[in-house]
Amino acid sequence: MSRMVELLGAVPVQIPYGDVYSALQTAKIDGAENNWPSYESTGHFQAAPYYLLDEHSRIPEMQIMSTVALDKIAEVDKDYVQIVRECAKECALYERELWKAGEADSERLVREYGCVVTELTEAQMAEFWQAVQPLYEELSQEDQALIQEIRNS
């Protein structure tokens, strides 16, 4: 994240998330990375009323289970493993619906408050992509392959 911020021409400042609001108020920092729900729920929109929609990063949400836990479930009943996997898939799809609705609500509230929201053109987005290309080149071949797999999905 810090390297990406540098490549985008800013100086990264790492502070505890709970200190971001006061750091924005006191100009210790002049911006922060947030999604709509976090920007709204923390009140950051009050201290920093400008929001740039640049899609500079995407944080994956994952469901994780250890193989030890999965093996224990299989010991009880092998069919339970498939049930757990199906429930996890349903849960993930439901979570996406809830997240999408929460994002829309937060965006609406922030806009109603009067924050200035800047959306980039395709050409401006391309400039962001170009600026961070060195970051991708610095990754291992394995990481680059994983990123390509994600992009292709």
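Heavy atoms only: backbone and side chains are in, while hydrogens, waters and symmetry mates are out.
Residues Val5 and Val20 do not share a hydrophobic cluster, defined by chaining ILVMFWY side chains whose heavy atoms lie under 4.5 Å apart. Grouping the Ile, Leu, Val, Met, Phe, Trp and Tyr side chains by contacts below 4.5 angstrom, directly or via other members, places Leu135 apart from Ile150. Val68 is not connected to Met65 by any chain of hydrophobic side-chain contacts under 4.5 Å among Ile, Leu, Val, Met, Phe, Trp and Tyr, and they are in different clusters. Linking ILVMFWY side-chain heavy atoms closer than 4.5 Å, directly or via other members, places Trp129 and Leu52 in a single hydrophobic cluster. If you chain together hydrophobic residues whose side chains sit under 4.5 Å apart, Met4 and Met125 fall into the same group.
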For residues 77-88, which side-chain N or O atoms pair as donor and acceptor with protein atoms under 3.5 Å away, sequence neighbours left out?
unit_1, atom_1, unit_2, atom_2, d
Asp77, OD1, Asp79, N, 2.8
Gln82, NE2, Glu86, OE2, 3.2

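Between Tyr21 and His44 there is a side-chain heavy-atom pair separated by less than 4.5 Å. Within the 4.5 Å cutoff, no side-chain heavy atoms of Leu120 are placed close to those of Leu53. At a threshold of 4.5 Å between non-hydrogen side-chain atoms, the residues Val117 and Arg111 count as touching. Proximity of Gln144 to Ile147: side-chain heavy atoms (C-beta onward) are nowhere separated by under 4.5 Å. For the pair Lys72 and Val76, the minimum side-chain heavy-atom distance is 4.5 Å or more. Using a 4.5 Å heavy-atom threshold, the side chains of Pro49 and Val116 count as separate.
At a cut-off of 3.5 Å, with distance as the only test, no side-chain donor of Asp30 or Tyr50 sits close to an acceptor on the other residue. No hydrogens or angles considered: nothing links the side chains of Glu103 and Ser106 as a donor-acceptor pair under 3.5 Å. Side-chain contact annotation: Ser22 with Asp19, donor-acceptor N/O pair under 3.5 Å absent.
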Is there a side chain to side chain contact (heavy atoms under 4.5 Å, CB included) between Glu40 and Glu107 once you walk through the steps? CA-CA 8 Å; Glu40 180 260 324; Glu107 179 180 357; over 6 Å; no

As a quick check of understanding, evaluate side chain to side chain contact (heavy atoms under 4.5 Å, CB included) for Asp54 and Glu119, giving each step before the final call. CA-CA 7 Å; Asp54 61 10; Glu119 299 184 43; over 6 Å; no

Going through the distances and angles, do Trp36 and Asp105 end up as a side chain to side chain contact (heavy atoms under 4.5 Å, CB included)? CA-CA 9 Å; Trp36 286 114; Asp105 287 344; over 6 Å; no

Test side chain to side chain contact (heavy atoms under 4.5 Å, CB included) applied to Val110 and Tyr51, step by step: CA-CA 9 Å; Val110 165; Tyr51 195 93; 5.5 Å; no

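Looking at Gln124, its side chain does come within 3.5 Å of a backbone N or O of Thr121 through a donor-acceptor pair. Although no hydrogens or angles enter the test, the distance criterion places no donor-acceptor pair under 3.5 Å between the side chain of Ser38 and the main chain of Asn34. Counting only distance, with no hydrogens or angles, the side chain of Asn152 and the backbone of Gln148 share a donor-acceptor pair below 3.5 Å.
Atom CD of Glu149 has 12 or fewer heavy atoms from other residues, nucleotides or ligands within 6.0 Å. Other residues, nucleotides and ligands contribute at most 12 non-hydrogen atoms within 6.0 Å of the OH atom of Tyr94. Crowding of Glu112 atom CD: a count of heavy atoms from other residues, nucleotides or ligands under 6.0 Å exceeding 12.
When the salt bridge (Lys or Arg N to Asp or Glu O under 4.0 Å) test is applied to Glu90, no partner is found at least two apart in sequence or on another chain. Under the salt bridge (Lys or Arg N to Asp or Glu O under 4.0 Å) criterion, Arg96 pairs with no residue, sequence neighbours left out.
Classified by interplanar angle (parallel below 30°, tilted 30° to 60°, perpendicular above 60°), the ring pair Tyr113/Phe45 is perpendicular.
Remark: Arg3 fails to qualify as a cation-pi partner of Tyr136 under the 6.0 Å distance and 45° angle criteria applied to the six-membered ring.
With rounding to the nearest 0.5 angstrom, the CD atom of Gln63 is 8.0 Å from the CD atom of Glu95. Rounded to the nearest 0.5 Å, atoms OG (Ser140) and CD (Glu138) are 12.0 Å apart. With rounding to the nearest 0.5 Å, the separation of CG in Leu98 from SG in Cys91 is 9.0 Å.
Here the closest heavy-atom approach between residue Ala131 and residue Leu8 is recorded as CB-CD2, 4.0 Å. Nearest heavy atom pair, residue Ser2 against residue Pro12, reads O-CG, 3.7 Å. Minimum heavy-atom separation, Leu24 to Gly31: CD2-N, 3.8 Å.
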